Amino acid sequence: MMLSISEALNKAHHQLMEADERVIVMGEDIVGGAGLGKGEGLGGVFGVTSGLVDKFGANRVIDTPISETAFVGMGIGSAMTGLKPIVEVMFCDFMGVCFDQIFNQAAKVRLLSGGRISVPMVIRTTLGAGDSSGAMHSQALHGLLATAPGLKVACPSNPADAAGLLKTALEDDDPVILMEHKGLYSLEGEVADDLPPVPFGEGQVIREGCDITIVAVSRMVHVANQVADVLAQGGGEVEIIDPRTIMPLDMNLILKSVQKTGKLVVVDESFGFAEMVISRVSEEGFGYLKAAPKKVIPLHTPIPYAPGLEQEWLPSEAQIVTAVKELVGE
Amino acid sequence: MMLSISEALNKAHHQLMEADERVIVMGEDIVGGAGLGKGEGLGGVFGVTSGLVDKFGANRVIDTPISETAFVGMGIGSAMTGLKPIVEVMFCDFMGVCFDQIFNQAAKVRLLSGGRISVPMVIRTTLGAGDSSGAMHSQALHGLLATAPGLKVACPSNPADAAGLLKTALEDDDPVILMEHKGLYSLEGEVADDLPPVPFGEGQVIREGCDITIVAVSRMVHVANQVADVLAQGGGEVEIIDPRTIMPLDMNLILKSVQKTGKLVVVDESFGFAEMVISRVSEEGFGYLKAAPKKVIPLHTPIPYAPGLEQEWLPSEAQIVTAVKELVGE
Amino acid sequence: MQNKLAQVFKKSVEIRVFETMIASLADEGKVPGLVHLCNGAETLQSAVCLALNSTTDSVTGSHRSHGLALAMGADPYKVASEILGKADGLSAGMGGTQHLLAPEVGFLSSNGIVGGQVPMASGAALSAKVLKTGGIGVTFFGDGAANQGAVLETMNLAVALQLPMLFVLENNGFGQSTSAEFASGGVSLLKRAEGFGLQTYALDGADAKDCIEKVETVVTSIKAGEGPVFIEASVPRLAGHYHGETAAYLSDCGGQTDPLKILNDHIGDISEGIWRETEALMVDVMKRASAAPVPSQDLLRKFHTEMGGQA
Amino acid sequence: MQNKLAQVFKKSVEIRVFETMIASLADEGKVPGLVHLCNGAETLQSAVCLALNSTTDSVTGSHRSHGLALAMGADPYKVASEILGKADGLSAGMGGTQHLLAPEVGFLSSNGIVGGQVPMASGAALSAKVLKTGGIGVTFFGDGAANQGAVLETMNLAVALQLPMLFVLENNGFGQSTSAEFASGGVSLLKRAEGFGLQTYALDGADAKDCIEKVETVVTSIKAGEGPVFIEASVPRLAGHYHGETAAYLSDCGGQTDPLKILNDHIGDISEGIWRETEALMVDVMKRASAAPVPSQDLLRKFHTEMGGQA
Ligand SMILES: Cc1ncc(C[n+]2csc(CCOP(=O)(O)OP(=O)(O)O)c2C)c(N)n1
Ligand SMILES: Cc1ncc(C[n+]2csc(CCOP(=O)(O)OP(=O)(O)O)c2C)c(N)n1
Ligand SMILES: [Mg+2]
Ligand SMILES: [Mg+2]
């Protein structure tokens, strides 16, 4: 069946809530129109949670005040006491206001309890630049989040992975951040009806090739793929790896690819993830590298608003082409 | 003159407040005993701000409620309107509760104003494990903070650098995070009476050697140095680079060293910084590397409390020795 | 008073016409970002800013701050250019609709994070206090923002440090699609502010005369060192959360009285001329802003280097 | 009531003796971390926890939570072992003095971040509500914490969602070295909670009888679905912020009445026996905890792998 990412996620929510009464969903405007005494509302600003309240009731589908610290913490506490919360933080940029609850509280319960309990909570959030949302509605923070031990971080690039990673995330005993790209919600793809879970720490070869390895997640998978299409016309064979989860990270798959190609480019719109991949490949696969690895990442500035500036800021196809050509030596 | 790091910082505060009326200091308990109607208080939980209120008055030396978001934000606003605030966040672990003000607000004013104004604010904070302070009073977050464009991050390892970096930080137009290691406050060192500013982006060669380069900041400089002492007895020549500021980062110095030694180990107690250095050296100095670079960083868990566990978690001399020996091939 | 009312009317018309034209440009696909229009809050904003001194006082606002920037006296051409992402914008197009900074007229900044602007205004208040400028810090925020830690902490901080600061809560009944009654389930927000020890005033944003008078009193009292003040002003939200929104809950926003219409009727004869003049002026502003060049990438690359970016 | 008073007395003595012995161990250099003793708050904590059901109710506490864990019924040997960083500790020495977790007796966790524990208790309240367990969420925090966004936001959230939740503010007059009057400059903290729409009660921590009675009423009301409640309890801080602190401001902590002494006098004859028994018991506990093995590193390395650490 063809579904968009938002449709696949919505369907996964319905299945998960149906299957387990302990699953609850909370966040701002995820019902929509709270307090107005009407039926169906927004279903979340991106529509991902639409229809849930009608089916599962306001007891399990909860609109919250704009108090991220309080309700993310409420998610944590509820996960420690028998519920399985899916908490929406509308944009990952807003995690600043509740960062303590995410990185000091949720992430640390497992260690602090000596492994006796943990926080089976999923935080769904969005990331991504490209639509002139400005410096506080466009960031990609997976690189930053992956530096916090105790968090798992997933960055799907297609509908099947989005739904499948959400399922695995909810099964997981630890807090998981599911990062959905704003610009990909309407991207369609083939999805099996039962939305099979996607294992964490298992990347996917998006496209095989023997000249060079590109590692990318989320929207950058598609940008890299376009570049690969173009280069294929000149005979260039690009291999694209989508790790899908960046913590844990499928280093085996990445190393195997670099062993074959000897060349590595990491394309990413966050800060920190490309560095993580390059440093690990340099450490663990130094012998495979036939040339200096490269990263194509944004300029080291906050995200500018004007469309031209924002495009300049984002990793571009042209930059990727240049990086690949320099490495492949064309 | 010999001073400890806390003495050097205290002296620098006195000099800075004396020299410029716009300099103010704020934070929790930095006066100490606020509201009790007595004279001299704590001078900060590590004594760094002691004596300031007596000399400069409660108008410029301000105890705050335990409201990091509000008073860090107050620092930002005051820096945008004519003051030069030094804001103390007692432990860097507490930055979670005010992360929005640091990474979304302070860091972005320069870009968001098109470069017309910025935030000449210094946030002083502490970092570092090793004294069983537990998972929320021991972290080192310089790796994480350096992923936020618009922040500068300094991590002094000795008294002269601590005072000198504070001075430069306050002169700087942008927000600077000065990260002081809890375990180094009493470390003494030679300091010039006028506490000369230390430029940002200029690292220091702590010790010359031609076999291998170790990059480290803060307390890890001293741990690396001890290792180098031991290895020197066997004829090993370790070069130690202390970048002092990690954003901006003195890549020239690091690359020059790796060009000479061909080998790189990064020792760090945060997550993200070692990856940053290794990935940049791999990219920019691939040809210099004669072997896979290595990092010695903590286990990927929150910080455990029990002393033995905590030592196991921290990068150890033994681990560094192993890494160096593997690379140098002894 | 009649003179002041006329000033408030004129500024409010400026804001309404500005927003209406931005909305049209958005419909034409000429606005890069989503805009949050302030229709309904113009008279309140103009009345508050009338009492402020743009040299010594500093204002911060929310995501919904086009009008506030104009009310403080920002150049409409520069504000429009910023919203359109043009080189002539306040910040050369770097900030955009949610990030307007016009410190030259006392508008310190607006914000993309709900509540994020509030602590900053306490900093402006602190500067005024320490540097003895005689100024105050002012912050505008919504009923939704009233539940953010940043806002709540700052209420206490302002009282604890006795900062010369004015909180203006614009209660338009909604935070995005969520009703204020639901989100702040307790007693009134005014009572909450009282609980922090703030002096409080309730204003009806549709009563321009009362707004002008009360705000004058309040600002005078703050400048006299009598401590921080909290104003809750009721205003209608005459549009969607953002322009173009079509969600079902919106039907509840309809049928609200328009404060500007009330003031218009009160102003009488001169009003029509003001509308006409303003429209002509704004047509020109928007035309110029639309035609303005897009920003060059040099400034961004300069920031990259200065912020420590890789060569 | 006399029976309940005796129970509260017994638990309070347990806590006081426990803390005193931990302090001695700290003086001997046997406690790895800095400990924050709860001396002065024992009777309040014991009285509150007496009204709770350790199977269905969940409590979270601050950095100063040794006593609270014991009051909920945590095994003193395990608590002491945790504070000493031993393998037999609640969390095998991973957490330490500021991170006690004993969910098996309804003590969900304590926290190193001021206020961080408060939102978590709202989650326990939500679980109770959704799963209809009949339980409630309870959180203890200090006067200093009352100015943290996490705490303030949660007050509103609990009211907005009508959570079965109890807030217990332990006002000991200080946040570290800062006086509560200075830090919360406004009216009273009780008034503040009222402003959020919470039902409020003031307790004198030294009046054990009143504490027992009022808390019983309150817990019953919350369990009956009558909404969240906020208690402000005054307790003395009979020690430094942390044990061993020597700062000048401390002279202001001296000379406070000790609630446990009052209760002791009230209890009369049986008290001496209880002290003696408890001391004997705790001597044994501390001896065993001191002799307990240190944790092995295997668990830590297991976490490393499971959390995605490099092989
Ligand atoms: C911390 C944070 N959470 C959520 C949002 C998304 N958001 C933007 S505006 C808004 C509603 C704000 O309501 P209110 O404060 O009443 O202001 P209004 O839009 O009514 O002017 C929300 C939820 C945000 N920008 N920042
Ligand atoms: C967010 C945060 N800020 C500051 C601290 C440091 N700190 C620990 S306890 C404390 C005082 C807390 O006072 P209060 O809430 O009254 O609790 P009490 O110690 O009196 O029990 C402070 C400032 C912290 N742990 N977390
Ligand atoms: Mg509103
Ligand atoms: Mg206290």
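Within every chain, numbering begins at 1; the chains are lettered A, B, ... in the order of the sequence lines, protein sequences first and strands thereafter. Predicted model only: the values in this text are computed from it and were never measured.
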Which pairs, with at least one residue in residues 113-135 of chain D and sequence neighbours excluded, count as a side-chain hydrogen bond (donor to acceptor under 3.5 Å, both in side chains)?
A:T81-D:S127

Looking at A:A79, A:G201, A:P85, A:G114, which has the largest count of heavy-atom pairs under 4.5 Å with chain D?
A:G114

The test is side-chain contact (heavy atoms from CB on, under 4.5 Å); show your working for A:I24 and D:L126 and say whether it passes.
CA-CA 10 Å; A:I24 60 167; D:L126 183 70; 3.5 Å; yes

Go through D:G95, D:A92, D:A124, D:G308 and name the one with the most non-hydrogen pairs under 4.5 angstrom from chain A.
D:A124

Interchain contact, A:E283 with chain D, by part (heavy-atom threshold 4.5 Å):
side chain

Between D:L161 and A:M74, is there a side-chain heavy-atom distance shorter than 4.5 Å?
yes

Pick from A:A34, A:S67, A:P65: which one has the most heavy-atom pairs with chain D under 4.5 Å?
A:S67

Taking side chain as C-beta onward, heavy atoms only, is D:P119 less than 4.5 Å from A:V72?
no

Listed partners of D:Q176 passing side chain to side chain donor-acceptor pair (under 3.5 Å), at least two apart
D:H241

For A:R116 and D:A102, indicate whether the former's side chain and the latter's backbone hold a donor-acceptor pair under 3.5 Å.
no

Could you look at D:L100 and say if it's the side chain, the backbone, both or neither that has a heavy atom under 4.5 Å from chain A?
neither

Output the option from A:M247, A:Q105, A:K152 having the highest count of non-hydrogen pairs under 4.5 Å with chain D.
A:Q105

Do the side chain of D:S91 and the main chain of A:L112 share a donor and acceptor less than 3.5 angstrom apart?
yes

If you tally heavy-atom pairs under 4.5 Å between each of A:S78, A:A146, A:G115 and chain D, the highest tally belongs to A:S78

